[in-house]
Number of protein chains: 2
Amino acid sequence: MRDTRAELLMQAETLVRGRGFAGFSYADLAAAVGIRKASIHHHFPTKVDLGAALVAAYAARYAAALETIRLDVPDGPGRVEAYGRLYLGGVEQGLGCLCAALAIEGEALPGRLRRDIAAFFADHLAWLEAILRAGQADGTVRGGADPAALARYVVATLEGALLMERLFASPAAFQGTLAVLVDGLRPR
Amino acid sequence: MRDTRAELLMQAETLVRGRGFAGFSYADLAAAVGIRKASIHHHFPTKVDLGAALVAAYAARYAAALETIRLDVPDGPGRVEAYGRLYLGGVEQGLGCLCAALAIEGEALPGRLRRDIAAFFADHLAWLEAILRAGQADGTVRGGADPAALARYVVATLEGALLMERLFASPAAFQGTLAVLVDGLRPR
DNA sequence: CGCAATCTACCTACTTAATGGTAGACAATC
DNA sequence: GATTGTCTACCATTAAGTAGGTAGATTGCG
């Protein structure tokens with residue numbers, strides 16, 4: 001019975017992604033996990049500690065998925081499409097991106113969290129830039145464009161699509177945007 | 001009809017766009033405007049009332065800007081670029097999109113607000129769809145793609161770019177993404 | 001016109017509930 | 001026997017919202 005911490009992380013992630021970081025309380029989380037409010041402080045002394053642990057776990061899960069995609073999918077557009085599909089689950093479950101939820105809080109966030117989420121995005125950008133560069137090299141991605149700029153454009157489109165299509169509860173529309181995005185990356 | 005109300009709307013918008021809807025209080029707003037907390041309730045009985053007024057004012061400002069763009073800019077890509085530049089101010093000021101900030105709150109939001117922000121996005125989508133359709137008709141936008149799908153893709157990219165580039169405080173990167181976006185709309 | 005009634009915009013002071021967080025007791029376990 | 005995890009009980013602070021009042025406009029009307 002050691003997974004209370006894991007359970008806390010899971011439920012807290014759902015709460016943040018569903019209502020924002022300022023939008024849930026330790027009382028909500030305690031109720032979701034079936035524990036007393038004070039017990040949460042044993043695992044995560046402050047809410048910021050919880051936030052940081054949340055981002056770390058979320059980033060680690062994404063990092064693993066990114067590595068899997070690189071190993072399993074050979075071509076540039078295919079990899080970006082697989083990357084985009086990682087966001088799809090959020091639309092289907094009605095949950096936004098954890099780091100987007102935190103990013104919205106912006107200036108109200110402690111610097112530590114702000115740095116963590118910036119690192120989350122920076123990781124994705126670096127991975128995508130490498131993927132796109134490789135795609136340009138092997139001819140599966142259209143050349144001419146700066147891979148770093150392309151990477152930012154890809155993350156932006158997917159984050160924005162998740163944000164909006166969650167509101168409209170429209171996985172189909174999300175997939176439509178993903179299709180437009182991936183198609184635009186192919187050589188002309 | 002004093003302009004205390006307008007001042008309240010202005011400062012509240014800054015607060016929401018900077019810290020999220022749940023991330024500020026009437027006390028914060030009162031301090032920003034230089035008024036007592038209770039006086040806010042005279043103008044906006046509840047926080048949800050304030051939120052709705054905020055969205056209405058924000059949507060109206062965008063609607064006016066959209067109309068101006070349609071009148072002033074003749075071609076499809078130019079119009080989309082002008083539309084994208086509306087977001088740029090947010091990046092420069094470190095403020096996100098008001099409706100994105102609310103959308104993040106998702107399920108915690110009263111249905112009324114959720115409907116209002118859905119309508120905000122729906123308005124933009126409808127405008128863009130018309131713009132893109134016209135662009136396809138006059139040959140300034142590449143044909144073949146569904147204008148409705150393209151419109152969703154455009155809004156998603158810009159909302160996402162604002163979200164991310166605000167975090168990185170990088171107007172240049174936002175403009176890079178906008179350039180990629182607009183370029184992809186031109187005929188090949 | 002004069003003037004009372006009403007309205008507007010703000011105030012101080014308060015309520016109720018929730019917030020994040022703490023203190024310390026108690027079992028179980030290593 | 002120390003550590004771990006949970007509990008009850010509490011704290012100070014802050015949240016949104018209310019009660020009731022006041023000074024100054026605005027209005028209705030004899």
Side-chain angles (χ1 to χ4, degrees), chain A residues 1-16 18-55 57 98 101-102 104-114 116, chain B residues 1-55 57 101-102 104-114 116:
Chain A
M1 297 145 199
R2 277 265 45 264
D3 57 2
T4 297
R5 189 191 146 96
E7 185 69 14
L8 282 167
L9 283 173
M10 200 188 103
Q11 296 295 340
E13 184 182 311
T14 301
L15 285 167
V16 176
R19 308 151 50 159
F21 189 66
F24 83 102
S25 71
Y26 267 31
D28 297 326
L29 180 55
V33 172
I35 219 180
R36 295 298 155 156
K37 194 166 69 80
S39 306
I40 302 176
H41 289 280
H42 174 72
H43 300 276
F44 305 101
T46 73
K47 207 185 178 189
V48 173
D49 292 326
L50 172 59
L54 244 21
V55 173
L98 179 85
L102 288 162
I104 285 292
E105 227 108 317
E107 59 195 40
L109 237 63
R112 171 186 172 194
L113 273 182
R114 213 159 45 220
D116 287 351
Chain B
M1 290 140 199
R2 292 231 25 70
D3 55 6
T4 298
R5 188 191 148 96
E7 185 70 13
L8 282 167
L9 283 173
M10 200 189 101
Q11 297 294 341
E13 183 181 313
T14 302
L15 285 167
V16 176
R17 293 176 62 190
R19 313 158 39 167
F21 188 66
F24 84 100
S25 71
Y26 267 31
D28 297 325
L29 180 56
V33 173
I35 219 181
R36 295 299 156 153
K37 194 168 69 77
S39 306
I40 303 176
H41 288 281
H42 173 72
H43 300 277
F44 306 101
T46 74
K47 208 183 176 190
V48 172
D49 292 326
L50 172 59
L54 244 20
V55 173
L102 288 162
I104 285 291
E105 228 108 318
E107 60 195 39
L109 238 64
R112 170 187 171 191
L113 273 182
R114 216 160 42 224
D116 287 351

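So that the names make sense, note that chain A is the first sequence line, chain B the second, and so on, each numbered from 1.
The separation between R36(B) atom CZ and dG21(D) atom C1' is 16 Å, rounded to whole Å. To the nearest angstrom, P of dG20(C) lies 9 Å from CD1 of I40(A). Rounding to whole angstrom units, CZ of residue F21(A) and C1' of dG20(C) are separated by 11 Å. Taking atom CG of L50(A) as the reference point, atom C1' of dT19(C) lies 15 Å away to the nearest angstrom. Distance H42(B) NE2 to dA16(D) C1': 18 Å, rounded to the nearest Å. Atom OH in Y26(B) sits roughly 8 Å away from atom C1' in dA16(D) (whole-Å rounding). One interatomic measurement links the two molecules: CD of E7(B) to P of dA9(C), which rounds to 15 Å at whole-angstrom precision. The nearest whole Å value for the distance from the NE2 atom in H41(B) to the P atom in dC14(C) is 17 Å.
Looking at the side chain of A27(A), the nearest of the listed nucleotides dT19(C), dC11(C), dA9(D) is dT19(C). In this structure, the nucleotide among dG21(C), dC11(C), dT6(D) sitting nearest to the side chain of I35(B) is dC11(C).
At a threshold of 4.0 angstrom between heavy atoms, the contacts of F24(B) are confined to the sugar-phosphate backbone, with no base atom among them. Among the heavy atoms of the strands lying under 4.0 Å from S25(B) are primed sugar atoms or P, OP1, OP2 only; no base atom is included.
The backbone N or O of A22(B) sits less than 3.5 Å from a side-chain atom of E105(B), completing a donor-acceptor pair. Looking at R19(B), its side chain never comes within 3.5 Å of a backbone N or O of E107(A) through a donor-acceptor pair. Here the side chain of K47(A) pairs a donor or acceptor atom with the backbone of F21(A) at under 3.5 angstrom.
A donor-acceptor contact under 3.5 Å is not formed by the side chain of K47(B) with the base of dG17(D).
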